[in-house]
Amino acid sequence: MDSKLKTGRKKKADRVPAKFEPGFIAALDGRTGIAQEMRERFQELTCDLGGADSLSYQQRSLCERVLWLEHWIRVQEAALARGDNAAFDVGRYTQAANSIQGLYAKLGLHRVARDVPTLGEYLKAKQGSPQQ
């Protein structure tokens, strides 16, 4: 089936692609569990790094790759747990585990605190904003 609907819009994906594709998280159908899980993980990962708004394009791109690799590793581990040795590739698994470790090292393994206003700054900003 074509990936576009009759309206010309791309059909939202219901699963993580077998090969990494930039923007795959946004392309997932938000009604699916995997989309919700991926978006939650992206939010959690970027929050640990100080928030998605404070990250560079490169950092957000690495975060997306980390999540794809995590998913791929989980799929491999599930195959191994089922005893499906034909689907489990120890070489690719090891390479993925090493790659994810390298990506985490690039991103940093420590949480970064967000800059938040002091209570006085917050109240001053609220007083200056129009009432809703």
Side-chain angles (χ1 to χ4, degrees):
M1 183 175 172
D2 192 350
S3 68
K4 290 189 177 186
L5 300 174
K6 289 181 182 180
T7 61
R9 294 180 299 171
K10 279 192 167 185
K11 179 183 174 192
K12 290 289 196 172
D14 61 354
R15 64 181 62 107
V16 175
K19 291 184 177 183
F20 176 79
E21 297 173 10
F24 82 92
I25 295 173
L28 291 171
D29 185 338
R31 299 170 292 183
T32 62
I34 191 66
Q36 294 165 13
E37 179 183 344
M38 283 291 181
R39 290 176 182 150
E40 184 178 309
R41 287 174 181 256
F42 185 83
Q43 176 73 20
E44 191 172 335
L45 179 57
T46 56
C47 279
D48 283 351
L49 298 170
D53 294 342
S54 68
L55 300 180
S56 67
Y57 166 80
Q58 295 88 337
Q59 289 171 309
R60 289 189 309 274
S61 178
L62 291 177
C63 287
E64 195 173 34
R65 283 165 170 75
V66 162
L67 294 176
W68 185 88
L69 277 170
E70 276 184 355
H71 177 77
W72 188 88
I73 288 170
R74 285 195 331 261
V75 168
Q76 291 294 299
E77 290 169 343
L80 187 61
R82 286 190 313 271
D84 188 358
N85 295 340
F88 183 79
D89 183 333
V90 70
R92 289 181 68 199
Y93 178 87
T94 302
Q95 187 176 24
N98 288 336
S99 294
I100 204 169
Q101 181 182 13
L103 290 172
Y104 278 139
K106 289 281 185 201
L107 289 169
L109 298 175
H110 302 287
R111 284 187 168 178
V112 176
R114 283 188 182 196
D115 288 332
V116 294
T118 65
L119 180 58
E121 292 169 337
Y122 176 78
L123 292 174
K124 185 176 178 181
K126 282 300 240 183
Q127 290 172 348
S129 66
Q131 295 292 329
Q132 295 183 25

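Note: hydrogens, waters and symmetry copies are ignored here, and every other heavy atom, side chains too, is used.
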How long is the straight-line distance from CD1 of I100 back to CG of L67, given to the nearest 0.5 Å?
8.0 Å

Please round to the nearest 0.5 Å and tell me the distance separating atom CG of D48 and atom SG of C63.
9.5 Å

Applying side-chain hydrogen bond (donor to acceptor under 3.5 Å, both in side chains), name anything that partners E40, two or more places apart in sequence or on another chain.
none

Non-neighbouring partners of R92 that pass salt bridge (Lys or Arg N to Asp or Glu O under 4.0 Å), sequence neighbours left out
none

Answer yes or no: does atom CZ of R15 have more than 12 heavy-atom neighbours from other residues, nucleotides or ligands under 6.0 Å?
no

Would you please classify the geometry between the F20 ring and the W68 ring as parallel, tilted or perpendicular, with 30° and 60° separating the classes?
perpendicular

Distance in Å, L62 CG paired with L103 CG, rounded so as to fall on 0.5 Å steps
5.5 Å

Between E64 and R60, does any NZ, NE, NH1 or NH2 come within less than 4.0 Å of an OD or OE carboxylate oxygen?
no

Closest contact, heavy atoms only, Q36 versus R31
NE2-O, 3.6 Å

Test item: Q76 side-chain N/O and D89 main-chain N/O as donor-acceptor pair under 3.5 Å
yes

Hey, could you give me the NZ/CD distance between K19 and E21, rounded to the nearest 0.5 Å?
10.0 Å

Side-chain donor or acceptor of Q59 paired with backbone N/O of S56 under 3.5 Å:
yes

So which heavy atom on A35 is nearest to which on G30, and how close?
CB-CA, 3.9 Å

CG/L119 to NZ/K124 distance, rounded to the nearest 0.5 angstrom?
13.5 Å

Give a yes or no on whether D53 atom CG has more than 12 heavy-atom contacts from other residues, nucleotides or ligands under 6.0 Å away.
no

hydrophobic_cluster_shared for V16 and V75, side chain cutoff 4.5 Å:
no

Any link between Y57 and L49 through a network of hydrophobic side chains (Ile, Leu, Val, Met, Phe, Trp, Tyr) touching at under 4.5 Å?
no

When you measure from the side chain of R39 to the backbone N and O of L28, does any donor-acceptor pair fall under 3.5 Å?
yes

Taking the side chain as C-beta and beyond, is there a heavy-atom pair between E37 and T32 under 4.5 Å?
no

If only atom types and distance count, is the side chain of E121 paired as donor or acceptor with the main-chain N or O of T118 below 3.5 Å?
yes

Is the shortest side-chain N to carboxylate O distance from R82 to E77 below 4.0 Å?
no

Output for pair (I25 CD1, F42 CZ), nearest 0.5 Å, gives 6.0 Å

